[in-house]
Each structure stands twice: as structure tokens, then as C-alpha cells.
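What follows is a single structure, written as C-alpha cells, with notes after it.
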Amino acid sequence: MAAPSVSCGAAVPYRLFLAGRVSFAREQGLWKAAASGLQTGTRCQILRLKHSPAVTTTKNVAALRRESYTVDFIKKQIEEFNIGKRHLANMMGEDPETFTQEDVDRAITYLFPSGLFEKRARPIMKHPEEIFPKQRAVQWGEDGRPFHFLFYTGKQSYYSLMHEAYGKVLHAEERQDQLRAKGLFSEKSKSKDLIGSRWLIKEELEEMLVEKLSDQDYAQFIRLLERLSALPCDAAEEEFVGRFRRTVTVQSKKHLIEPLQYDEQGMAFSTGQGKRKTANAEAVVYGHGSGKIEINGVDYLLYFPVTQDREQLMFPFHFLDRLGKHDVTCTVSGGGRSSQAGAIRLAMSRALCSFITEDEVEWMRQAGLLTTDPRVRERKKPGQEGARRKFTWKKR
Amino acid sequence: SLPPVLRFPCAVHQLLDPGRFSHLGTQAPQCPVAHLDNQVPTERTRAISRTLENDPAKHGEQHVGQHYNISIQELKTVFPHGLPPRFVMQVKTFNEACLMVRKPALELLHYLKNTNFAHPAVRYVLYGEKGTGKTLSLCHIIHFCAKQDWLILHIPDAHLWVKNCRDLLQSTYNKQRFDQPLEASIWLKNFKTANERFLSQIKVQDKYVWNKRESTEKGSPLAEVVEQGIMRVRNATDAVGIVLKELKRQSSLGVFRLLVAVDGVNALWGRTTLKREDKSPITPEELALIYNLRKMVKNDWQGGAIVLTVSQTGSLFKPRKAYLPQELLGKEGFDTLDPFIPILVSNYNPKEFEGCIQYYLENNWLQHEKAHTEEGKKELLFLSNRNPGLLERLCAYL
């Protein structure tokens with residue numbers, strides 16, 4: 001537009017822009033709430049100023065700051081998510097009815113391939129409950145009176161939970177006294193539900209109650225629950241306690257154990273591979289032998305003149321008490337002397353897994369023999385002398 | 001009868017932290033000292049590790065893996081300079097010198113016992129990986145020959161003559177060559193200690209003029225030449241040359257039997273680290289000591305034997321993994337030494353290993369409680385792979 005017509009022309013494009021903005025916002029839907037605020041705010045600014053005392057007295061400003069997502073908003077998000085899931089299923093040519101979250105994840109990684117290293121920065125499409133943090137609904141009604149009777153304690157859900165649990169404890173103790181009076185009291189073993197599971201950690205409890213707890217509160221709660229579980233309970237109480245326990249997998253790592261292979265002479269052998277820093281090693285462990293180890297065609301005494309490296313090689317056999325029983329032939333390349341020793345050790349341990357029992361495999365895993373060492377050389381950063389070392393600081 | 005040896009119950013270590021071995025020498029072992037210090041070792045262990053047969057001439061197959069004792073006096077006379085430094089330390093610690101009887105040494109002894117002294121001297125070369133026991137086998141042979149009353153010409157380490165020499169003088173005898181007064185005088189002193197009784201018997205067959213005032217007449221005993229070399233350090237190299245020449249000449253006559261024992265003979269044909277004033281390198285031929293020694297090692301004389309060792313440990317400019325005579329001697333050396341009998345010295349076999357461990361245990365050298373158990377022995381076996389030198393170094397930490 002021409003410069004002289006700024007004064008009158010300025011208002012016109014402003015309104016056009018606004019209309020366009022409103023319609024744009026309507027299509028998005030995400031910004032609806034914000035856009036409506038903008039709409040009322042800018043067009044009828046003067047009107048709003050007049051209305052503000054009537055509109056805003058009932059709303060608590062502190063609550064507005066804390067609650068960024070309303071319940072309706074979350075509901076709308078869930079509807080949109082479900083519709084979007086169906087659209088996505090149609091796009092991928094799958095059946096919308098049986099489209100699970102894993103399929104959704106796969107579809108998103110296919111449609112939006114990302115090279116970012118941080119997994120949390122990549123595009124995701126998940127149920128809004130997982131994305132939007134849990135918010136507490138408004139705790140008081142129109143008249144300002146809170147709903148919950150323990151609201152003024154500050155941690156209402158925590159204290160209500162404690163109250164409930166203590167009620168159950170009293171109930172169970174009463175029942176126990178009655179049983180004792182009748183003479184039907186019998187010692188019940190409580191250990192079956194405690195084994196294989198652990199109490200919730202403080203963070204999990206906080207997430208469950210949507211409330212901040214202190215360490216003492218958490219400890220008190222756990223003590224109460226343990227007291228409850230020590231008493232003879234019925235099914236309802238056990239279910240109540242079960243809500244606060246998570247299972248612990250006993251065998252956290254299960255990796256494949258290759259079966260033994262047999263060569264022409266009938267000797268049992270097994271191969272394994274290992275890496276450490278930049279060294280790669282492959283080891284072939286034979287079932288019956290005299291404890292000879294050959295590396296790249298050279299005896300291990302000549303290849304590793306340093307005792308420390310030979311101790312690394314000895315570790316798996318010494319751990320399993322099989323020092324002179326196996327023959328090993330291995331090839332190794334890359335890395336330095338220590339990383340080659342570590343790589344061969346890992347390869348030998350992996351190969352040895354085929355010869356030993358599962359329990360021994362678990363012990364080896366706990367001893368750290370079967371884990372690849374993830375430490376690699378850290379990159380040098382610009383502006384620093386090394387990976388961590390900064391340049392000498394000079395005052396002037 | 002003696003009570004049985006106490007065996008300490010070995011702890012079952014299922015979850016061992018990596019790097020925390022039972023015998024790791026860099027950490028001080030927190031375990032208490034084994035109470036077996038006060039226990040007298042049983043005859044059974046003695047039978048494995050020691051033999052009462054102290055004469056090398058009578059050692060046979062049945063003594064393999066057993067240690068025999070050399071008295072300290074004999075040690076001083078026979079080995080003024082021949083033993084490896086670690087062995088000397090061990091002798092000082094244990095207050096006794098015990099050498100293990102091993103197969104290569106026995107083989108050599110057998111050959112030596114059956115030598116025909118009319119034929120030219122046979123050359124035997126002991127070779128093997130680092131730390132397998134070549135030098136100590138050589139010492140075993142020397143002890144045998146000393147007991148049999150041979151004249152021992154023992155050069156403890158030829159490598160010492162081709163490196164780190166401070167003062168090189170131009171030879172008085174031959175302008176092209178260089179003298180090494182220090183090394184020569186030290187060697188002459190030790191030679192005198194080893195062969196005292198022969199020096200007065202052997203007579204020189206030529207007249208040697210040292211300088212304007214001193215000379216040695218024909219027919220005077222060799223001791224005079226040696227004295228001259230020791231006192232006048234400038235003429236020491238020439239004295240050595242004379243001694244070698246005379247001995248070579250006279251052993252063919254059959255008066256005495258000569259054993260030439262050189263350790264690290266590959267030094268004679270390699271390179272040196274010595275340089276002239278103008279920084280040009282010196283070849284071994286230009287060193288008078290080496291030149292004379294080369295003449296000694298040739299088999300153009302009768303009445304004795306030549307036992308040599310090739311070793312990489314002190315050698316110059318040779319790769320670490322080289323241990324075969326061909327690699328270490330080089331083409332020239334190999335051709336010169338050509339008809340020789342190679343004898344391989346290898347790591348301990350299980351019996352010898354067991355004997356060695358028992359010897360250390362008897363002397364209370366292994367203080368770690370695990371050292372007595374089977375597992376401890378297996379660990380040591382693995383770590384040292386039965387290499388004698390390595391085993392000795394490992395046990396030094398325990």
C-alpha cells in the first residue's frame with residue numbers, strides 16, 4: 001500500500017489480518033483456546049476492559065497459571081488423536097480397528113525419518129495422557145470451598161492414602177485379635193507376594209498422586225504398607241498393597257546361547273566375538289585342551305608380554321575354574337594392547353557360554369564378563385584443548 | 001613320621017571383581033602370611049624339587065626337574081662373572097645356589113662326555129625364546145666342565161663388549177682396530193679367578209713386547225700375561241688376545257681341555273652402537289676383542305668344545321620376537337658358525353614347573369596363601385605359560 005494512506009489503510013489490513021488469523025486458528029484447532037482469547041482481546045478491547053471485573057473475579061489467577069490444559073482441552077486432544085490414528089491406518093493401508101500403538105510408532109518413523117540422535121527429539125504420536133503431564137483438576141467448587149476434606153493439609157491425596165491405609169491396618173489388627181481370641185490364628189507366610197517385586201519408588205508415587213512428596217513422607221508410607229503386609233490380609237487388602245508394588249525381573253538379560261559346534265575330529269568348539277574401543281576380536285574355544293592360547297598365530301606369552309593383559313585373558317577361565325581345560329585360537333585387529341586384551345576376553349567369555357550351565361552364565365553376566373565396554377574415546381571439542389581439558393585460564 | 005602338609009581351605013570366589021586376582025602383585029596382598037613358614041617341608045616335596053646329587057657328571061634323566069646345590073666357594077671360583085644378575089640376587093636371598101637339571105643341559109652333557117678330543121672342536125648353540133633358561137643351562141655346562149678340570153674360557157655376555165663403551169683407544173697392535181681397556185681388564189680379572197691353577201702351568205710360546213720397558217719372555221707362565229693385562233690397563237686388550245691365541249694353540253697339544261663358552265654370541269656379527277670421533281659407526285671386526293673372539297670360535301682347533309648361546313635380550317637392532325639362530329646371527333654369522341649343533345631350550349614341562357614351584361615353596365619364597373593350592377599353581381602356570389624367567393619374576397611379587 002501507498003505510504004500516505006497509512007493512517008486509514010492501516011486499520012483495514014489489520015482487521016483483515018485478524019480475520020485471516022482467526023480462520024487460520026479455527027482450522028488448526030490447537031490454538032483455538034488461545035485464538036479465541038486473542039479475538040476477544042483485540043477486537044473488543046475496550047469492551048473487555050469493562051467486562052473484566054465481572055468475568056475474572058471468580059477465576060483464581062494462581063490456578064490459571066498452574067493449570068495450562070483444561071479437562072475439555074485434553075478430551076478434545078484424545079478425540080483428535082483417535083481420529084488421527086484412523087487416518088494414519090488408512091494411509092498405511094492397515095485396518096483402523098486393529099491399529100496398535102506399536103504400529104503407530106512404526107508408521108511415524110517411516111513417514112518422518114529423523115536423523116537426530118536424541119530419541120526424545122524425534123517426532124512422536126502418542127496418546128495425550130502420555131504427552132501432557134497429569135494436571136490436577138480444580139480442587140474447589142464455584143463457591144470457593146474445596147471438594148476434599150483434607151485439602152487444607154496441602155498434600156490431600158497423600159494424607160487420604162495414609163488415612164485409608166491406616167484404616168486397613170486397624171481393620172486387619174482387629175480381625176487378627178478376633179482370630180486369636182477364637183484360637184484360629186495361624187502364621188501365614190507373606191513372603192510369596194513380596195518376592196519378585198519391589199515397592200514403588202518415590203518418583204513413581206509422586207506421579208501416581210500428582211503431588212510433591214518429601215523423603216520422610218515416602219518413608220512413612222512405605223513403613224505403613226509393610227506393617228499392613230505383615231498382618232494377615234484378605235483379598236481386598238492384598239490388592240490394595242499390590243497397587244504399590246512393581247515386579248522386578250530376576251533375569252534381566254537373556255541373550256542367545258549358541259549351541260556347541262563340532263569339527264571334523266569330533267572336538268567340540270564354539271566361537272565368540274568381542275569388541276573394546278576399536279579392537280575387534282574373534283575367538284574359537286575348543287572343548288578339550290591344555291590351556292594354550294594362540295593369537296594371530298603367535299603364542300599369548302609373546303603377543304602380550306605385559307602381565308596385565310595376560311591376567312585379562314585369564315579372568316574368564318579362572319572365574320569358571322577351567323584354567324587348563326580349554327584351547328583357544330583367536331584373531332584380533334585394531335586398537336592398542338589393552339583394548340585387544342579386553343576384546344579377546346569378551347570374545348572368549350561369549351564363546352565359553354556354550355560350554356557352561358545357565359547359572360554360570362548368569363554369574364558371568366553379573367561379574368561383567370559378558371558386557372561390551374561402552375567407553376570409547378571422547379571427541380575433542382572446539383575451544384578446548386582436549387575432550388575435557390580447557391585452555392589455561394589467563395586472568396588478563 | 002612327619003605330619004601331613006596343611007592345606008589352606010581355598011575360598012570359593014563366584015563373584016570376583018575383574019582385576020582383583022588372588023596373586024596380583026601390584027596390590028599388597030591383604031591376606032595373612034601363610035603359617036606354613038614353621039612347617040617343615042615333607043620328604044615328598046623334597047623328592048620332587050631337590051636331588052642330593054651335586055656332581056653334574058652324574059646327572060641323568062631321572063634328575064630332570066630337580067635342583068642340585070652348588071656350594072658358595074665353588075660358586076666364587078667357577079662363576080666369578082657368569083651368572084645372570086637375577087640369579088645372583090636369588091642366591092643371595094636364599095643363601096644357597098641351586099640349579100635345575102633340565103633336558104637341553106643333559107643332552108649337551110652327554111655330547112660333551114662323548115667328545116673325541118682328536119677331532120676339531122664341536123660347536124653347540126643353545127637357542128630359545130626369551131627367558132627359557134639358556135644362560136643357566138650354559139652355567140650348568142660350565143660347572144660340569146670345571147668339575148672335570150677343563151679350562152673354562154667364559155665370556156658372560158658378548159653384548160657388553162659392543163655397546164656402551166666409554167673409552168675406545170686405538171689399538172697399539174694394529175692401527176685399524178680399537179681397544180676396550182675396561183672390559184678387557186674386568187674380564188681378565190675374572191678369568192684369573194676362574195682358572196688360577198692353570199695359569200701357572202701353561203707356558204707362553206712367544207715373546208711379547210708390551211712397551212719399551214716391559215716384555216714377557218718365551219716360556220714364562222700365562223699368569224704373567226694376565227698380570228700385565230690387569231696392571232697395565234692400556235695393554236689389557238692385547239693381553240686378552242694373547243691369552244686366546246696361546247690357549248687355542250696349546251689345547252690342540254692335549255695338555256688341558258678347553259671349553260669356550262660365549263653367551264650372546266650373536267653380538268660378534270651384528271652391529272655395534274659405538275662410534276668413532278667423527279660419528280661414523282664401528283663394525284664389530286674393528287674391535288680387537290671381537291676380532292680375537294671370532295678366531296676363537298672357529299673350529300680349527302682340537303681338544304675341547306665350544307658352547308654358545310644366542311640371545312635377543314642384549315642384542316642390538318634385532319626384533320623382539322626373533323629367537324632362531326638364523327635370525328639372530330645374520331647371514332655372516334650363520335655362515336661362519338655353520339656346522340654347529342643347535343639345541344633348543346624351551347619352557348618348563350609340567351614336571352619341571354612343579355619342581356620349580358616346590359623349590360620356591362621350600363625356601364618360603366611364595367608367601368601368598370593361595371600359592372600352596374592347586375588353583376594358585378594353575379594361575380601361575382597360565383600367567384607365565386611355564387616360562388622360567390617370567391615365573392621367577394611373577395613369584396618375586398608373591
Results of side-chain hydrogen bond (donor to acceptor under 3.5 Å, both in side chains) for A/R227 - residues two or more places apart only
A/E173
For the CG atom of B/L383 and the CG atom of A/L301, what is their distance to the nearest 0.5 Å?
9.5 Å
Heavy-atom contact with chain B under 4.5 Å, split by part of A/L369:
neither
Can you say whether A/F304 sits under 4.5 Å from chain B via the side chain, the backbone, both, or neither, judging by heavy atoms?
neither
Does anything in residues 313-321 of chain B get under 4.5 Å of chain A by heavy atoms, and if so which residues?
B/R320, B/K321
Please round to the nearest 0.5 Å and tell me the distance separating atom CD of B/E375 and atom NE2 of A/H318.
6.5 Å
Heavy atoms from other residues, nucleotides or ligands near CZ of A/R377 exceed 12 (cutoff 6.0 Å):
no
A quick test of your reading: do over 12 heavy atoms of other residues, nucleotides or ligands sit less than 6.0 Å from NZ of B/K92?
no
Pick whichever of A/R310, A/Q308, A/K292 has the most heavy-atom pairs under 4.5 Å with chain B.
A/R310
Can you name the closest pair of heavy atoms from A/F317 and B/F382 and give their distance?
CD1-CE1, 4.3 Å
More than 12 non-hydrogen atoms from neighbouring residues, nucleotides or ligands closer than 6.0 Å to NZ on A/K275, yes or no?
no
Take a 6.0 Å sphere around OH of B/Y323 and say whether it holds more than 12 heavy atoms from other residues, nucleotides or ligands.
no
Within this structure, what is the CG-NZ distance for the pair A/D321 and B/K378, rounded to the nearest 0.5 Å?
6.5 Å
What residue, out of B/L381, B/L390, B/N387, has the most heavy-atom pairs lying under 4.5 Å from chain A?
B/L390
Neighbour count above 12 (heavy atom, 6.0 Å) for B/R271 CZ
no
So for atom CZ, which belongs to A/R388, do other residues, nucleotides or ligands contribute more than 12 heavy atoms lying within a distance under 6.0 Å?
no
Using every non-hydrogen atom in the two residues, find where B/E379 and A/L323 come nearest and quote the distance to one decimal.
N-CD1, 3.6 Å
Can you establish whether the number of heavy atoms outside A/Q384 located under 6.0 Å from its atom CD is more than 12?
yes
Above 12 or not: heavy atoms from other molecules or residues under 6.0 Å from NZ of B/K163?
yes
In short, A/L302 meets B/E129 closest at the heavy-atom pair CD2-OE1, 2.8 Å
